[in-house]
**Q** 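Have a look at this one.
Numbers restart at 1 for each chain; the letters A, B, ... are given by sequence-line order, proteins then strands.
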Amino acid sequence: MAMDFLPTGSIPSFLETLAPFGEVHGPTMTDDGVSAFGRIASPTGLRLDYQRTLLPPKKYLLPPVETVLTYSPGERYRHPPLTDENIVLFGLHPCDLKGIAYLDTVFTARGSDPRYRVRRQRLTLIGISCEPDENCFCGDVDAADPANFDLFLERTAAGFHITSGSPRGEEIIAALAPLLVERAPLPVSRRECAFASVIMAAAGRGETFPDSHLWEDFAARCLSCGACSLCCPTCYCFDIREYGGLDGATAERLREWDNCLFTGHGEVAGGFNFRKNRRDRFHYRYQHKYLGFGPTRGAVACVGCGRCREVCPVRIDLLELFKEEGDEQKP
Amino acid sequence: MNKNRDMTSVPLPASIIDRHKLSDDTSLFRVRLDDPETARSLAVIPGQFVQFSVPAGGEAPISIAGLPGSDGVLDLCVRRVGHVTDMIHALPVGSKVGIRGPYGNGFPVDDWRKRNILLLAGGLGIAPLRALLHFLLAHRAEFGEITLMYGAREPAAILFKEELAELSGRRDMHLFLTVDFASEEPPGGLTCNTGLLPGLLEGVNFTTKNTVAAICGPPALYRCMIEELQGFGFPPDAIYLSLERRMKCGVGLCCHCAVGNLFCCTDGPVFRYADLRGIRGAL
Amino acid sequence: MNRPIIAMAGLTACSGCQLTLLNCEEELPELAERYILAYFPMGLTERVITGPIDVAFVEGAVSTPDDLEILIKLRSRSRYLVAFGTCALWGGVAAMNNHEARNTLLETVYGKGGVELKSFNPQPFRHFIKVDFAITGCPPEKAELLTTLAALLRGTFPVFPRYPVCTECRNRENRCLLIEDNELCLGPLIQAGCNARCPAVGIKCEGCRGPVAEANVAAELELLLGKGFMREEIERRMRRFYPEWDYEQRS
Amino acid sequence: MSSVLEINPLTRVEGHGRISVHLSGKRVERVTLALTESPRLFEALLVGKGFEEVPEIICRICSLCSTVHRVVSLLAIEKAFGIEVSEQVHLYRELILHGGHIQSHALHLFCLVLPDRYGAAGLPDLAAMAPKALQMGLRLKGAGNLIQETVGGRLIHPVTLIPGGMGKPVSREGLLKLKETLESLLPEAWQTYELFRSFPQPSGSLGSPRFMAVRSGSSPHLFGKALMLGPTRSVPVEKYRQTLGERVVEYSNAKTSCAVEGPFTVGALARLNLGLLLSPKAAEAFQECRNLIMKRDIRANNLAQAVEVIHAMERSLEIVETLLGADFARERPARVTPRSGEGSAAIEAPRGSLIHSYRFDGRGLCTAADIVTPTAINQSTMERDLLLLAQQLEGASDREMTSALEQLVRAYDPCISCAVHLVRHQPVG
Ligand SMILES: Cc1cc2nc3c(=O)[nH]c(=O)nc-3n(C[C@H](O)[C@H](O)[C@H](O)COP(=O)(O)OP(=O)(O)OC[C@H]3O[C@@H](n4cnc5c(N)ncnc54)[C@H](O)[C@@H]3O)c2cc1C
Ligand code: SF4
Ligand code: SF4
Ligand code: SF4
């Protein structure tokens, strides 16, 4: 028995307790009926039973577009000051936590990106357990077990078992003490992962499915709308553009999410394109998601959140590559 | 050298202290960091590049085309091909610019000691190889035979003509030039063949034993050069290529420049052919 | 460019592009200071095009001999000519029925006698002259106009991203009208830059900014047919701002 | 010896036009006003399009009037299919129309007319000569723009308003922003009126026009079911063709409305003359300048517009407050089931009465479209007034003549773009 249980009815007080740690954000429903992370102004805005948000939590670390440098003749290039406040991001599913862990390896492991680092430090991550739907496959890509959280809430019918994963988590638990009650621990359960072995084995040997007919099929149907990567918790390709001000002197440099399925992604000067057609671009996407490059070489980036399957207007699903392979392996 | 790894790290203030025209579309910009301390401490490996910023235009990766001397001046040889490079070309001497870097691995010159070096440059590919050549000549005794073969579209497109004329007089290296079309005599008394670079290779006597080849040029050049070199008996791990890719950050974050599972910016831009062989779309 | 000399002119159009300039209330004083507005019938009394022009922003499609004459005159006087707005760049609304005989249209509006009016099928500029730059949109976005003007102070044009409306739409976390509501949204085919204005207020994209580079037209068509729309209706909507779609195109 | 004085193109008006003064010696024989805007054949373009597409296409007729065309087309379509919209939707439509009036009047008064008052060649000159006044005008115009953009989702060619309802209504923050902006600019609306009142009034008279406006109840209104042809006479909107004929003039690309009962004048001046019910401050202004407006010729139109700016601002504020108070929920648009039929509707656009009329087949495809714009209605009187004024100015220099005639055209605030995209041709008579 442990004093780690938060009854469902205590959620409003829980949110209040979180307030000193930062502005509380979590899953909400927009007036369009879109599930999205946003500020939780009152407990009624919180939708803890959500399936998945449209944009993943990466928007808190890498906004879709931001000014990364300003230029003025006197000051030359400068970082604009970061104004973001501390934020407690509440209600993250294990896949999204893993997605953030992946971004951490890219953007902080080698001290790479100061803006990311500052924002990351100001972010407190509180996870929550979830129920997979037909688009989820976190178990298959080893992302089902919660990790990389400050606090994690394991959900039961009556409330939540709370675990801390960091010193900050301990602090929060300490502040929560009056709300917690004693309850028997949950039995350990693991998710069925029918497909994990196929994916992991293929990724392990650097499989590129060179002969699959699916590449052409994907290429023919893909609209290059960008949804799959914008909504992917681990896609972080970005474009950089710089625009001058109307004063003729100052300028701003923008960083914006890019997508490997866009025409310009592999283009160099003079119109030469290293990934001329969508087929080549899909190989690239596959390479990044399942084999990695640069600092993520050898790491499977996909966390199985199912967003790309849900948001693709033409229902393209990279998993089919492995499925096909799985079928072939069957006698 | 790695202290500027940050993508969003601020381009250091720098100024164009000199520029001169090398051909119709290419000029050499001599750029110095405004802070003399940093300028002097700049350590460059031949083959590395910088991110060259022009305010209100943006950034472009540009090879360092010569070794910065004690004055810390960077030679940047820029061809006008688009948005950023157009704006660079519009800048007069004295203009304020920004520099990040140096970035990339550069040529592994330390591993090449005692070996013969064959430099193969096509067009603008001369830029990083010039830095390499300067290095080799500065450490002449540590290397074997040095041969530079350089092909340009036409005589007027040959870059660094005066310098080449000077080099052609040197006894401690070989220089071969070729142009695709010769409608006129090459200026400055240069001797010049007509035909494509691979053809030049065939006509010239050189040793493949204990030799490494360093190639830089347009994508099409690589494909035929590599075939040619292998025909001469170069093993794939003695062929080094400096690749071009779209680059937004130069530090391994933006994910535009991947070649297979390698990044052109951080794992390259110099690669051994042995490492690129199996990679779809590498060349 | 030190105080670029600008001309703003309109051919067959609604003047929306020119109005976009007048709608930059906050920036107008600064603009008046930094640019020489040499020709702008909508805002100036000056009625002749005199002297050389650095940049001409011209809106509208070309549909009469007069249009063509003005366009050619502006082209020859200007260092750069910008196709300003969807009509200038793609043909726009006036061109949506270009596949029908012009005379029938004229007759419908002006009666038999009306056919005498000298006009032809509205065309985008590129059918007649070289265009240096384009700002798309019906109407164009203020921000893109201002960014372009700012770039001109440095003697250049800006680089705008080339991706479809969906990209901006997803980034704003709008409800996808195509997937969720089975509406005839053209977002996947259309050049972004409007920050998905319409889906952001719950209205499907009508394609006012014209085709995005390498649009997968055939796939969008299949998708919409699959949702039960009639081919005729889809084409009619697609043609609204751009009559020259290649319905087979995939990239 | 006969000669022609050409004023081509007309500047600081919306669209392309040309005035030709035919002279015999110094005597003015004839004045023609040609609207030379390239024809865009909107009515023909609409034929064969679905009813949903009509508002989206027709608003492109003219950027300055896109809002009013969109709104009146919705009304005509809804009429044809027998659709009623909710109170919320109706309020938003009225709000956006007022925004259009503010923007259009402010643009006209400050950017197109004011340069004449200061003898400036255009905006850049005006910016140097009367920066304060111009900035005030731009702020007011900005408020009108803000309303249209906030409500319509886009300033030019708004998008939210659709048959049967609307997309997303304005958020609370958006409404509060509107409220704040309108409140802060009310004093400047009043100053605008004072500014235009302070200018010398025209000498001489061009006679008193016959006014027309859309009527609701017994006075002019933005929306209404009848056209008011004078203090006591009116006709139902559907019967507009009986009152307003139309002819193609050989020198002009617009079809002129040739009113069967003699030419009508529409616009702000008409509305005030016919007794538009004004908001408190606007009524106060009107009381003050009543005799400069009542029964005056079109040159009083600018002052009338200034009064209407106050009215539109106050009325907008009132609507915003109602919307804030009511806290309406988001509604799904009414389902439109197409049926074959016809619908006509009229509203008061900034420049005057605007009529749209459509016929649809059973699938909801448009089979006929007819649009009457205020400029088309005004064109006959415009020409008549030009002739009168030119005759009064006989002997004046070309420059004087040009400037006076151009100013007269500007007083009408014509929208040539709209006028040139007129209706299905019906021989008059
Ligand atoms: C390692 C390396 C070294 C290089 N060295 C030189 C050199 O010494 N001299 C020289 O003239 N050129 C060199 N280039 C090529 C040069 O970077 C491009 O020509 C330049 O970026 C083109 O930019 P642009 O804006 O003028 O062209 P545009 O075609 O207008 O390009 C538009 C955008 O695409 C990007 N872009 C286009 N082409 C490239 C590219 N090849 N690489 C990266 N980004 C690109 C630019 O950042 C720009 O934002 C090098 C490229 C690399 C990768
Ligand atoms: S979501 Fe689908 S259609 Fe869109 S870019 Fe990705 S794969 Fe292509
Ligand atoms: S609503 Fe339209 S523009 Fe937005 S994502 Fe869906 S298809 Fe694309
Ligand atoms: S969403 Fe589509 S119709 Fe709307 S402004 Fe953008 S491109 Fe135009």
**Q** Once salt bridge (Lys or Arg N to Asp or Glu O under 4.0 Å) is applied, what residue pairs with a partner in residues 188-203 of chain C remain, sequence neighbours excluded?
**A** C:Glu141-C:Arg197, C:Arg197-D:Glu149
**Q** Under 4.5 Å, heavy atom to heavy atom: which of residues 217-247 of chain C reach chain A? Give them by number, or say none.
**A** C:Ala219, C:Glu220, C:Leu223
**Q** Residues in side chain to side chain donor-acceptor pair (under 3.5 Å) with C:Tyr35, at least two apart?
**A**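 Expected list: none.
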**Q** What's the spacing between A:Tyr243 OH and C:Phe160 CZ if we round to 0.5 Å?
**A**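 Reported to 0.5 Å precision, the distance equals 5.5 Å.
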**Q** When rounded to the nearest 0.5 angstrom, what distance separates CG in C:Leu153 from CG in A:Leu246?
**A** 7.0 Å
**Q** What pair of heavy atoms forms the shortest contact from C:Pro164 to A:Cys225, and how long is it?
**A**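 Minimum heavy-atom contact is CG-CA, 3.7 Å.
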**Q** Heavy-atom pairs under 4.5 Å with chain A - which of C:Leu146, C:Leu189, C:Val159, C:Leu31 has more of them than the others?
**A** C:Val159
**Q** What pair of heavy atoms forms the shortest contact from C:Arg170 to A:Ala227, and how long is it?
**A** NE-CB, 3.8 Å
**Q** What are the two closest non-hydrogen atoms of C:Ala150 and A:Gly244, and how far apart are they?
**A**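 Minimum heavy-atom contact is CB-O, 3.3 Å.
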**Q** Quick check on the interface: out of C:Leu149, C:Asn171, C:Ile179, who has the most heavy-atom pairs with chain A under 4.5 Å?
**A** C:Asn171
**Q** Determine, stepwise, if the pair C:Thr167 / A:Phe262 fulfils side chain to side chain contact (heavy atoms under 4.5 Å, CB included).
**A** CA-CA 10 Å; C:Thr167 303; A:Phe262 293 162; 3.3 Å; yes
**Q** Is any residue of residues 214-222 of chain A within less than 4.5 Å of chain C by heavy atoms, and which ones?
**A**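 Within residues 214-222 of chain A, near chain C: A:Ala219, A:Ala220, A:Arg221, A:Cys222.
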**Q** When heavy-atom pairs shorter than 4.5 Å are enumerated against chain C, which of A:Pro64, A:Ser35, A:Ser229 gives the highest number?
**A** A:Pro64
**Q** Which region of C:Arg34, side chain (C-beta onward) or backbone (N, CA, C, O), has a non-hydrogen atom less than 4.5 Å from a non-hydrogen atom of chain A, or is it both or neither?
**A**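 For C:Arg34, the contact with chain A is made by the side chain alone.
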**Q** Under 4.5 Å heavy-atom distance to chain A, tell me which part of C:Thr147 shows up: side chain, backbone, both or neither.
**A** side chain
**Q** Could you look at C:Glu173 and say if it's the side chain, the backbone, both or neither that has a heavy atom under 4.5 Å from chain A?
**A**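 Both backbone and side chain.
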**Q** Is a salt bridge present between C:Glu214 and A:Lys276, judged by a nitrogen-to-oxygen distance below 4.0 Å?
**A**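 Looking at A:Lys276 together with C:Glu214, the answer is no, because their closest N to O distance does not fall below 4.0 Å.
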